[in-house]
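Written out below as C-alpha cells is the structure these notes cover.
So that the names make sense, note that chain A is the first sequence line, chain B the second, and so on, each numbered from 1.
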Amino acid sequence: MMERDFFEQVWEIVRQIPRGSVTTYGHIAAALGTRSAARTVGWALNAVAGRTDIPAHRVVNRCGELSGRYHFGTPTLMRELLEAEGVTFDGDRVRLDVHLWIPPVR
DNA sequence: CTATTGACCTTCT
DNA sequence: GAGAAGGCCAATA
C-alpha cells in the first residue's frame, strides 16, 4: 500500500465517512496503524478546516464531544452541520452508540 | 535550527 | 478507581 502523507491518509478516511455518521480520532489513528497519533489527526483536519471536500465536522473526540468546534468559525457550526445530516446529540455530545462509524482497517 | 504547542489517545503508577 | 506521563506527526514562535 502506498503510504502517502499522513495527512492524505486521514483525509481519505474522513472522506469515506458516510453521511449521518461520525468517527473518532483514535479510530482514524488506529486505522492508519498509529493509534497514538490522534493529535496529528487533529492537525490534518485543521489543514482542511473550511473545505467541503473533507467533512471534518464528522470527526469528534473519544467522548463524542465536538472538541474542534471553535476551529470552524462559529462554535455552533459543527453541531449545525451534524444535525443537518441527521446526527442526534445527547446534550453537548454526539450519540456514538448510534452514529459511531468505524473506518476500514488498513 | 531548537523548543513548544496542538481538534488526542493509551498505558503505567 | 483516579492521576500522571508518554507517544505520535506537523506547524509555529
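No side-chain donor-acceptor contact under 3.5 Å links T23(A) to the backbone of V59(A). Looking at D5(A), its side chain never comes within 3.5 Å of a backbone N or O of F7(A) through a donor-acceptor pair. Distance alone, capped at 3.5 Å, places no donor-acceptor pair between the H57(A) side chain and the L82(A) backbone.
Of the residues in residues 71-90 of chain A, those lying under 4.0 Å from DNA chain B by heavy-atom distance are H71(A), F72(A).
At the heavy-atom level, A56(A) lies under 4.0 Å from base atoms of the strands shown. Among the heavy atoms of the strands, none lies under 4.0 Å from Y70(A).
When DNA chain C is scanned 5' to 3' for any atom under 4.0 Å from a heavy atom of chain A, the first and last hits are dG7(C) to dA11(C).
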Could you go over nucleotides 8-10 of chain B and give all protein N or O partners under 3.5 Å, atom names and distances?
| from | atom 1 | to | atom 2 | distance (Å) |
| --- | --- | --- | --- | --- |
| dC8(B) | N3 | R39(A) | NE | 3.3 |
| dC8(B) | N4 | R39(A) | NE | 2.8 |
| dC8(B) | N4 | R39(A) | NH1 | 2.8 |
| dC8(B) | N4 | R39(A) | NH2 | 3.2 |
| dC9(B) | OP1 | R62(A) | N | 2.0 |

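Under the 4.5 Å side-chain criterion, counting only non-hydrogen atoms from C-beta, Q9(A) is not in contact with I28(A). Using a 4.5 Å cut-off on side-chain heavy atoms (C-beta onward), T24(A) and L100(A) make contact. Considering only heavy atoms from C-beta on, V60(A) stays 4.5 Å or farther from S67(A) through its side chain. The closest side-chain heavy-atom distance from V10(A) to I54(A) is not below 4.5 Å.
Under the ring-ring contact (aromatic ring centres under 6.0 Å, His included) criterion, W43(A) pairs with no residue at all, not counting sequence neighbours. F6(A) pairs by the ring-ring contact (aromatic ring centres under 6.0 Å, His included) definition with nothing, not counting sequence neighbours.
Screening residues 32-61 of chain A for salt bridge (Lys or Arg N to Asp or Glu O under 4.0 Å) gives R58(A)-E85(A) as the qualifying pairs, with residues at least two apart or on separate chains.
Straight-line distance between the P atoms of dT4(B) and dG6(C): roughly 14 Å, to the nearest whole Å.
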